[in-house]
Structure formats: C-alpha cells, structure tokens
Amino acid sequence: MSNQQINITLPDGSVREYEKGVSGLQIALSISEGLARNVLAAKVNGEVWDSSRPIHQDSKVQLLTWNDTEGKNTFWHSSAHLMAEALEALYPGTKFGIGPPIENGFYYDVDFGDKSLDGSELEKIEAKMLELAKLKSDFIRKEVSKKEAVAYFTEKNDPYKLDLLEGLEDGSITFYEQGNFTDLCRGPHIPNTGFIKSVKLLNIAGAYWRGDEKNKMLTRLYGITFPKAKELQDYLFMLEEAKKRDHRKLGRELELFTFSEKVGMGLPLWLPKGTLLRERLVNFMKKAQDKSGYQQVVTPHIGHKALYETSGHYEKYGKDSFQPIHTPNEGEEFLLKPMNCPHHCEIYKHKPRSYKDLPIRYAEFGTVYRYEQSGELHGLTRVRGFTQDDAHIFCRPDQVKEEFIKVIDLVLYVFKALGFEDYTAQISLRDPEKREKYIGTDEAWEKAESAIVEAAAEKGLQTVTELGEAAFYGPKLDFMVKDALGRKWQLGTIQVDYNLPERFQLEYIGSDNQKHRPVMIHRAPFGSLERFVAVLIEHCAGNFPLWLSPEQITILPISEKFIEYAEEVKGILEDEDIIGMIDNRDEKIGRKIRDAEVKKIPFMLIVGEKEQQEGKISVRRHGEGDLGSLSPAEFVSYFKKIIGESLKN
RNA sequence: GCCGACGUAGCUCAGGGGUAGAGUACUUCCUUGGUAAGGAAGGGGUCACGGGUUCAAUUCCCGUCGUUGGCUCCA
C-alpha cells in the first residue's frame, strides 16, 4: 500500500506519476525549484488546497502562484490571518469576525471592545505583521470536531466565531494555526507567513456583523500585502495616480461640472466646458445610432402615476422614489420619470404595428431621476438625476439575435472611439433551478439566452456567463471595461425584456394575421452620460480624445502686438469647427504655455512676429512639446486627420 | 438609510475660547516677453447652518445640512 502510485494531470495536459500522498508543493519541486518557491496553493480537482496537503487519488492539479487570482486570494486570506495575529498580540482580547480576501487585498472585521482604533495605529500593526511574517510561521491545518471548536472559542470568549460555528456541520470544521494565532477557517493558506514581504493597511471602516444593521458594528480593517516590496510600491503609486485622476477633482479643475448644496445632493450642474463635452458625446452617439436605424424620440420628464403602475415600477420602487407631484385642482399624481421605457412603450402603442414594421428602435437621451440613498451618492458615478443614452428596440422573437449583434457592434465602435481597449462582456442568464422567479415562457427564455450567447460568440467577445444574474424580466449582457489603471467599470448594458410588452399589452400583427407580442430590448452603450463621463475622465486622466476635448486649442500671442493676428487665426479655425480661446493676458509666453499645459488643452498655437510675417502658427502639443510651425490650413488638415483616425469605423 | 471622519477665501490648506492666515486664483499698475510660473500693490471669509455652555465661540457641546470612507440598496 505504501508505494501506491497516483496519476497527476497538470494543466498542460501532461500526466505524471507520484507516490500516493504527494503534496502540491512536492509536485512543484519535481518540476522546478523556482516554481516550488512561488507556489502559494494547489488547485486539486477544482478545489483550492494548501500546497502541503497530501493528495491521495488520481487528480487534476494546478499549482497556484501570485499570477493566479486564486493564488492571490489565498495569499491575501493568509494575510488577514497574519493581521489578526498581530492584532491579538497588540490588543489582547480582540474578538474576530470574518477576514476574507477581496479584489485588492483583504479585510478583517474585529471587535476591540471599548477601545477605538485611530489611523495612526495602523503603522504599528503593519510593523507587527512584518515582524511576525519574518518568523515564517507555518499555517497548520487541523481538523476538529464541532465540540472541540465550540469549546475553544467559548474559552476564548469570541461570540462571532461561535456564531459562525453554529452554521457549520460537525466533521467539516477546520482550524488554521500560525504562530500563536488559531482561527476557525476553511482555508486554504499559503505555506508560511514568510511569503508576505510587504504590508499596507489602507483604511478603517465600520461594518455590521453579518452585514445586518441590527447587529453590533465591528471595526473593519482593510489591508493589502505583496510577496515583493516592489509590488507594494507599484500599488501605492497606482493609488496615487487614481487620486490624481479622480473625476471629482478633475471635474472641478477642468471646470466640467459642479454640485451645489442649494440645488440638492446628487444633482450635477454641468458647466459650459462639461456641457460641450457632453454634447459631443451625444452627437457622436446620435450619428452612430442614425446609421444603425434608430429613431430619436422625446418624452417628458414626468409621467402619470398610472404609467408606472402599469409598468410595475411604482409597486416595486414607488415607496423609495421621489414622491409624486400632485396637480393642484384635479389631484392627479405624477412621478419624475425614473426610466424612459414606459414612455417608449406608449409611443409604440400609438398605432397598430405590423411584423413588417419591426424592429422599431426608439432612442432618447432621456433624463431620469431616482432617489438614490444618500450614502451611495458619489461624484458623477452615482447621482439622483442623470441622462441615459437609452433606446428600446421592439422586435420579433426571431430578430433578437440580429439586434443583439447590431447593438454589440455599436458598443464596440463607441469603446474604440473613446480609447477603451480592454473590455469583457458578462452574460447574465436565469437560474435554471428557479424558473418560477422569472416572467416569460421557457421557450422564449431559451431562445433569447441562446441568441445572446451566439451573438456574443459571433462578435468574438470575451465573455463570462453568470447563471442566476438575469433580471426577472429577461437575460442581459453587460460590458465591463478596464481603464488605464486596470480598474473595472460596468458600462453599457443590453437587456431583453418580456415583462413590459406584457404589461403594456404591446402587439403586432404577424404574417398569419394574428396578434403577437413583440420582444423589447433595452440598451444603453454609455449607461448614463454622467457615469460615462466620470469613467472617461479617470481613464484618460482628463486628456480627452481630441474630438471630444472641450477646449481643443488655445492661441498664445507672444505679446499683445500679435493679438490681432491671433484673432485672424482664430477666425480661420472657427470656420473649421476648431474651438478655443486666445490667451490675451499680459503674461510671458512661458507662463501662458504652462497654464495651457495644466489645463490639458491639446494644442497650443503660438503666434509672434515670425509667425505673423510668414502667415504661420507655431504648434505645440500638450504633453509633447513644440511641433514646429504650420500654416493655419496645414494645421486644420493635421487636426482633422487626428480626429478622423479615432472616429473611423 | 446606518456607522465613522471631515466642513476656515474660487481652489489647496495652516491656525485656534478674545471676531482669522499662507500659497494659488482674481483686480490694478509696471513690464512687451519666444516654448512649463517676470515684478509690485490691492480686493476677497457670518470660519457650512441652527441652538447651547461662557464675560466672550470660528474654536468646546448638541442638532441640521453637505462632503467623504465603509455597510446596505440599485429599475
């Protein structure tokens, strides 16, 4: 028995023979020492294990390192334990909630009793963590009975762990121990604390035990760790960079938008430059939509309460919305529109439709108002009044796939023109176990779901499919973009809807002369202009693509003697729709250049005696410097060429 | 909505129980300059708002509003 061999299949498909009881780490060692040094955990038949845990059967094994998400998660989870160990050492009696890894790092919810922690103590904890990490304590897995586990945490007087234990079954309970710290934990963990080379505790926040505000508020400590000091530096640099790009900061500095307490929280005021940017985006989208067969419509900002009773929104969201507006005499109730689709349904209904009319695509830059919870408001990304680049496609069931493909094309065109190169699509399907949760027939769902999957595949989208993430009214496809700093944002969305056509009794006459129900597709490539502008600002750090830039050029006369010539140049450029101002302040050219650079104006056009005599302008590009001199006509064509490149389909 | 932190000039921030200060921006004057900050003078604040404590509050306490970090929610 002792010499029994097992077959281990590695991710590349190769099969190797090992002695029964071999661990992930031993497998790594057999491949290379370098790999062994970097192995954080092992994925055994789809389950992440400690790299030291013996494998007893033929298995598929993937060795996880820092380059794997699961490897990182294991690393950060172990880091949470290390932080807990440090906290217990520094503040004896601390009680522990949960300490999971998150997208960037980890947190631990802890109860310090009466003590409150202030920010200055974070460094002390970091230092303790590094000190403990140097001990290279092994993470030791122990299987314990529920009784033992309860006894341990009763003794330790930790109510949270006891609460967690209540939900666990005897026989599946494990402890992990490193150094002097023992935690209830499913694992897995990295081999020892020595892997953790750098630590940064990022912030402290309150969080209710189990996320329930009836429970006690615990202190949540967020941190991040890395296997190399350099990576921490890079991460901190990225955080700094993100701070510099914060759209709230740039929005103020570049005079794009503002907020006013008097107007109300979450209600953005667009300044002239921001409005110009917005209008460019709108015109860009209108043009693209015109080409794709959309028709623009306009609907009012309010709608009768009955409209939302029909749509079902009143029942579902009415209580949490802005309250209805009452007419003084008739006592009728109107709601600020939270969505455009009910209005669009009524447009569809204004006359009988034939199958030959479909698809009908109604587009509207519709401003909607939603009562978002006050704590959730954030710059332009989460507001109470915003404009969607909304459209609703009414089509026959057999047209869903084709319409999806068309919308995907549109979204990809938009992404390309705006410089979002890294994106994925999430397909949200229904939970096949809980079909009763969803409206619409099985047949319709199956058809729509496969239409989405096929459309995404045909367009070669990189997709993730989530079961159970569909809305109750239909499946959807959401686009997630990664910005220049690698942060993920959800932008465009395409959703199939079976609910509203039903509720509004939408119909068309089919070729069989019978009434049929159309399918509705909601779609918004930007999502909302507000949110999109916010993401765009952070993505390009305020250096907008030339075609969008609210101030494309600035003309800088060397001295006031050349203002007249500057005016002349400005006139020529304005005729070509190139927008900008003359900096006619009584300042030196160096100063004017600096100010224009700070304002991120793409082109500075310098005019002095030389330029005036030659009928030229000296062109300086933001962030690049002097490009030499051109005639205004040459500049116009150069300028238009740049714009043409980014907008070509 | 809940918990914590914060709120001083347009912006970034210092200060602190005796009614405020810097840098920058702004205005005026000098300077007429060649690719990232020329010089001088000046104006500007109910220290978020409302109460309380105090001889005296911008400062301490409470409340409100707003911002912010989280939690929860998101058609």
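Below, read A as the first sequence line, B as the second, and so on, with proteins coming before strands; counting in each chain starts at 1. Heavy atoms only: backbone and side chains are in, while hydrogens, waters and symmetry mates are out.
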**OP:** Mind checking salt bridge (Lys or Arg N to Asp or Glu O under 4.0 Å) for Arg503(A) and listing every partner two or more places apart, or none if nothing turns up?
**Re:** none
Subject >> Sequence-distant partners of Phe544(A), ring pair (Phe, Tyr, Trp, His ring centres under 6.0 Å), two or more places apart >> reply: none
Original post:
Dot-bracket, RNA chain B: Watson-Crick or G-U, under 3.5 angstrom, [ ] crossing, | other strand?
Top reply: (((((((..((((....[..)))).(((((.......))))).....(((((..]....))))))))))))....
Original post:
Looking at residues at least two apart in the chain, or sitting in another chain, which of them share a ring pair (Phe, Tyr, Trp, His ring centres under 6.0 Å) with His81(A)?
Top reply: His77(A), His189(A)
Subject >> side chain to side chain donor-acceptor pair (under 3.5 Å) involving Asp246(A) - partner list, sequence neighbours excluded >> reply: Arg248(A)
Subject >> Results of side chain to side chain donor-acceptor pair (under 3.5 Å) for Tyr308(A) - residues two or more places apart only >> reply: none
Subject >> Heavy-atom protein contacts under 4.0 Å, nucleotides 37-47 of chain B, coded B base, S sugar-phosphate only, - none >> reply: BB---------
Name the pairs: protein N/O against N/O of nucleotides 9-11 of chain B, kept only if under 3.5 Å.
none

Original post:
Sequence neighbours excluded, which residues qualify as side chain to side chain donor-acceptor pair (under 3.5 Å) partners of Asp389(A)?
Top reply: none
Return all side-chain donor-acceptor pairs below 3.5 angstrom for residues 602-617 of chain A, not counting sequence neighbours, or 'none' if the list is empty.
from, atom 1, to, atom 2, distance (Å)
Glu611(A), OE1, Gly608(A), N, 2.8
Glu611(A), OE2, Ser618(A), OG, 2.6

Original post:
Taking protein heavy atoms under 4.0 Å as touching, what does nucleotides 68-75 of chain B look like 5' to 3' if B marks base contact, S marks sugar-phosphate-only contact and - marks none?
Top reply: SSBBBBBB
Original post:
Who are the ring pair (Phe, Tyr, Trp, His ring centres under 6.0 Å) partners of His313(A), not counting sequence neighbours?
Top reply: none
